[in-house]
Structure formats: structure tokens, C-alpha cells
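Residues: numbered from 1 along the sequence shown.
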Amino acid sequence: QLQLVESGGGKVQPGGSLRLSCTASGLSLNQYVIGWFRQAPGREREGVSWINGNAGVTDYADSAKGRFTISKNNAKNTVYLQMNSLKPEDTAVYYCAVGPYSTMTWPDYEIWGQGTQVTVSS
């Protein structure tokens with residue numbers, strides 16, 4: 001079975017931090033690009049960050065640069081998104097996804113997790 005499972009979402013106050021995890025079953029993440037995406041109500045799904053499983057090259061959306069960090073642990077078959085200095089506009093369902101090449105465009109990804117809710121509110 002090919003499956004991605006996100007975890008680590010929750011509610012946090014502005015300025016707080018969360019660490020999201022994406023663990024894969026049935027595939028090795030080091031063979032793919034792994035992206036983090038988010039979708040808020042009434043908004044289009046947008047790319048947040050990606051990491052190249054082979055080389056470890058990363059990229060971030062402008063909204064995430066300087067606040068978010070993507071990383072991976074091949075032994076655990078897990079990709080992480082560390083989110084610091086969270087803002088209310090970061091509130092969304094966050095998804096991880098697997099694709100064949102590096103891109104911030106969500107239709108290019110092939111396998112998706114179920115999503116985890118992140119709420120930033122005081």
C-alpha cells in the first residue's frame with residue numbers, strides 16, 4: 001500500500017511553533033520530491049515547501065521563507081516541516097505529497113496524505 005500520513009497539526013497562538021511530520025508507507029521517500037501544501041477555506045491550494053529526496057535541495061514559498069524549515073530523515077522515511085513565528089494567515093489544512101520532480105505546483109504531485117489542520121489564533 002502506498003500511503004502518506006501527516007501529523008503534528010493543532011492550535012497555536014500567533015508567534016508559536018508547530019512541527020508537522022509526513023511518514024510514508026509502501027514507498028521510499030528518498031526516491032521522490034516531497035512537497036508541503038496548504039489550503040484554507042475559500043483559498044486555492046498553495047505550495048509551501050518541497051525537498052528533493054535524492055539531493056536534499058529545498059525551496060520555500062515567499063510566505064514561508066525565514067519561518068519554516070523542511071527536512072527529512074530517510075531512515076524513518078519521514079519528512080518534517082518546522083513552522084516558527086506562526087501567523088493567523090498560516091491557518092489551513094496542511095498536506096504532504098509525493099511527486100517525480102521539484103515543483104511548487106500541486107497538480108504535479110501524485111500521492112497525497114489526508115491532511116492535518118493547523119489553526120493559528122489568539
Do R67 and S85 make a side-chain contact, defined as non-hydrogen atoms from C-beta onward lying under 4.5 Å apart? yes

Summary of disulfide bond (SG atoms under 2.5 Å apart) pairs that have at least one residue in residues 25-69, sequence neighbours excluded: none

Same apolar cluster: I70 and L20, side chain cutoff 4.5 Å: yes

What pairs with T103 under side-chain contact (heavy atoms from CB on, under 4.5 Å), at least two apart in sequence or on another chain? Y101, T105, D108, Y109

So which pairs with a foot in residues 14-39 pass salt bridge (charged side-chain N to carboxylate O under 4.0 Å, His left out), sequence neighbours left out? R38-E46, R38-D90

Treating Ile, Leu, Val, Met, Phe, Trp and Tyr as nodes and any side-chain heavy-atom pair under 4.5 angstrom as an edge, say whether Y32 and Y95 lie in one connected cluster. no

Show your working on side-chain contact (heavy atoms from CB on, under 4.5 Å) between T58 and N52 and close with a plain yes or no. CA-CA 6 Å; T58 63; N52 183 302; over 6 Å; no

Drop me the distance from N54's CG to S102's OG, to the nearest 0.5 angstrom. 11.0 Å

Please tabulate, for the side chains in residues 112-122, all donor-acceptor contacts under 3.5 angstrom to protein atoms that are two or more places apart in sequence or on a different chain.
| unit_1 | atom_1 | unit_2 | atom_2 | d |
| --- | --- | --- | --- | --- |
| Q114 | NE2 | E6 | O | 3.0 |
| Q114 | NE2 | E6 | OE1 | 3.4 |
| T116 | OG1 | G9 | N | 3.2 |
| Q117 | NE2 | A92 | O | 3.4 |
| Q117 | NE2 | T119 | OG1 | 3.4 |

Gap separating the CE atom of M83 from the OG atom of S49, nearest 0.5 angstrom: 11.5 Å

Are V57 and V33 connected in a single hydrophobic cluster, I mean Ile/Leu/Val/Met/Phe/Trp/Tyr linked by side-chain heavy atoms less than 4.5 Å apart? yes

Partners passing side chain to side chain donor-acceptor pair (under 3.5 Å) against E110 (at least two apart in sequence or in another chain): none

To the nearest 0.5 Å, what is the distance between CD1 on I34 and CG on L81? 12.5 Å

Please name all residues satisfying side-chain contact (heavy atoms from CB on, under 4.5 Å) with S7, sequence neighbours left out, ordered by chain then number. S21

Can you tell me how far apart OH (Y94) and CZ (F37) are? Round to the nearest 0.5 Å. 13.0 Å

To the closest 0.5 Å, what do you measure between CG (L2) and CD1 (I111)? 4.5 Å

Contacts of W106 meeting ring pair (Phe, Tyr, Trp, His ring centres under 6.0 Å) (sequence neighbours excluded), chain-then-number -> none

Sequence neighbours excluded, which residues qualify as side-chain contact (heavy atoms from CB on, under 4.5 Å) partners of A75? N73

Going by the ring pair (Phe, Tyr, Trp, His ring centres under 6.0 Å) test, which pairs reach into residues 42-91, not counting sequence neighbours? none

Salt bridge (charged side-chain N to carboxylate O under 4.0 Å, His left out) pairs, two or more places apart, involving residues 72-85: none

Heavy atoms only: give me the nearest M104-G47 pair and the separation to one decimal. CG-CA, 3.6 Å

Output the rest of the hydrophobic cluster of V5: all Ile, Leu, Val, Met, Phe, Trp and Tyr residues reachable through side-chain heavy-atom contacts under 4.5 Å, sorted by chain and number. none

Can you give each donor-acceptor pair under 3.5 Å made by side-chain atoms of residues 22-31, sequence neighbours left out, with the distance rounded to 0.1 Å?
| unit_1 | atom_1 | unit_2 | atom_2 | d |
| --- | --- | --- | --- | --- |
| T23 | OG1 | T78 | OG1 | 3.0 |
| S28 | OG | N30 | OD1 | 2.4 |

